[in-house]
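To start, the structure itself, in structure tokens.
Atoms within each ligand, like the ligands themselves, are counted from 1 in listed order.
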Amino acid sequence: RTRMTRLLVTGGAGFIGSNFVHYVVENTDHTVTVLDALTYAGNRESLAGLPENRVEFVHGDITDAELVDRLTAEADAVVHYAAESHNDNSLHSPRPFLDTNIVGTYTLLEAARRHERRFHHISTDEVYGDLELDDPQRFTEQTPYNPSSPYSSTKAGSDLLVRAWVRSFGVQATISNCSNNYGPYQHVEKFIPRQITNVIRGIRPKLYGAGENVRDWIHANDHSSALRTELGWTPEYADFESGLAATIQWYRDNEAWWAPSKDATEAFYATKGQ
Ligand code: NAD
Ligand code: TDX
């Protein structure tokens, strides 16, 4: 256990952010302020049951400079998850991706700079583009950025802002570029929960194209605890099959959590022929 710290967690009512807040409450003495706009992807219920003396919820937007400034000043460190996160949505309506991912990250960086706060930026491996199926190469920190979608290009842009604020202004920041996460509290628009909840509802799973896309999956809890080379971290959910089985069980046990967004998500996909 480490010294007690107050963390400002943006996007803490989303999938990975809420898993992180649960993880912090269970494994540290830190207190958490969640800043979340509760977009379609945010869900207050993902934080249900957490002790009020450890987790404060603030409903607000990361592009609100005044609010971000105050909350950053009150925190010891900022962990930044808030984003528009769905590639499919970015193809239909890119504008919110620019506002949240670029302007929102800029707003947080300026506050971290002003108040000299440690800043961790959650990004994605999709900034590196894609690999051929038989490509012997894997992405490293040195791989050039080559994003494909409006989503990944705004994440790449936000990463470059973080790098520039480190170089230009000495902000103490780190970036993680994680692969696909799975686990509880993931929105039913995403691949794994969409197929689990389709099967529960008796709908055929939907595979895009010929189903040849490949993803690297990491359990959200392992994302919360990770940094392998320097810290000697190893994943707890090393066996994908049992991690997936536990995730399927979670969706079976928590239909009340996902049912309210299921019909709207499928109705939207149907309008796009997906
Ligand atoms: P998510 O869509 O489930 O959650 C995003 C959260 O951010 C929601 O609670 C939403 O309400 C909030 N939010 C959105 N816009 C906001 C704004 N303007 N102000 C305040 N809050 C706002 O996303 P996720 O899958 O949990 O992803 C979290 C982060 O991890 C993102 O930065 C994403 O790019 C990154 N990431 C995700 C994955 C993955 O597999 N899901 C993999 C690698 C990296
Ligand atoms: O119904 C589907 N059928 C299907 O074949 C859906 C929803 C997706 N897919 C495919 C598309 C992708 O190849 O499955 C793969 C995974 O799709 P998503 O779950 O939408 O995730 P992806 O586009 O890979 O992006 C995710 O990982 C990287 C997160 O949503 C991003 O936030 C993260 O940066």
Side-chain angles (χ1 to χ4, degrees), residues 8-21 34-47 57-64 67-68 71 79-91 96-105 107-108 120-128 130 147-149 151-156 158-159 162 175-198 203-220 223-224 226 261 265-266 268-270 272-274:
L8 175 61
V9 178
T10 72
F15 162 45
I16 309 177
S18 65
N19 275 284
F20 179 71
V21 175
V34 169
L35 172 60
D36 198 295
L38 296 179
T39 69
Y40 82 95
N43 191 340
R44 203 66 184 76
E45 289 302 310
S46 303
L47 300 170
F57 183 81
V58 177
H59 184 196
D61 202 291
I62 57 166
T63 61
D64 179 342
L67 176 64
V68 162
L71 296 178
V79 190
H80 174 34
Y81 289 89
E84 285 292 337
S85 70
H86 196 35
N87 274 303
D88 289 358
N89 289 346
S90 79
L91 300 172
F97 289 74
L98 281 107
D99 292 335
T100 290
N101 300 0
I102 302 275
V103 179
T105 301
T107 307
L108 285 156
H120 183 66
H121 179 59
I122 309 293
S123 190
T124 168
D125 62 352
E126 293 195 12
V127 298
Y128 302 119
D130 33 42
S148 317
S149 68
Y151 161 68
S152 53
S153 67
T154 58
K155 291 298 290 188
S158 67
D159 290 11
V162 175
I175 304 176
S176 50
N177 293 94
C178 193
S179 62
N180 285 53
N181 285 224
Y182 74 100
Y185 303 114
Q186 186 169 27
H187 195 282
V188 290
E189 70 189 357
K190 303 296 193 324
F191 180 69
I192 287 182
R194 187 182 185 203
Q195 313 318 336
I196 293 172
T197 56
N198 274 356
I203 308 169
R204 270 173 75 90
K206 303 261 168 39
L207 221 46
Y208 295 170
E212 287 180 343
N213 294 340
V214 174
R215 293 292 186 278
D216 247 320
W217 296 98
I218 179 172
H219 194 280
H223 188 177
S224 293
S261 18
T265 300
E266 288 305 319
F268 179 75
Y269 274 129
K272 308 295 175 194
Q274 296 171 341

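Residue contacts with ligand 2: Lys155 is excluded, as none of its non-hydrogen atoms falls under 4.0 Å. Using a 4.0 Å cutoff on heavy atoms, Tyr182 does not count as a contact of ligand 1. A heavy-atom separation below 4.0 Å is not found between Pro96 and ligand 1. The closest approach between a heavy atom of Ser18 and any atom of ligand 1 is not below 4.0 Å. Using a 4.0 Å cutoff on heavy atoms, Asp36 counts as a contact of ligand 1. Taking a 4.0 Å cut-off on heavy atoms, Gly104 fails to register as neighbouring ligand 1. Look at Ser179 and you'll find a heavy atom under 4.0 Å from some atom of ligand 1.
Because its NZ or CZ atom is not both nearer than 6.0 Å to the ring centre of Phe191 and within 45° of the ring axis, Arg215 does not count as a cation-pi partner of that residue.
For ligand 1, the atoms closer than 4.0 angstrom to any heavy atom of Lys155 are 31 (C), 32 (O), 33 (C), 34 (O).
For the atom pair CG of Asn101 and NZ of Lys155, the computed distance is 5.5 Å after rounding to the nearest 0.5 Å.
Looking at atom 27 (O) of ligand 1, its nearest protein heavy atom turns out to be Ile16 CD1, 3.9 Å. Of the protein's heavy atoms, Glu126 OE2, 3.1 Å lies nearest to atom 28 (C) of ligand 2.
Among Ala82, Ala83, Ala37, Gly11, the residue whose heavy atom sits closest to atom 14 (C) of ligand 1 is Ala83.
Of the N or O atoms in Tyr151, one or more lie within a sub-3.5 Å distance of an N or O in ligand 2.
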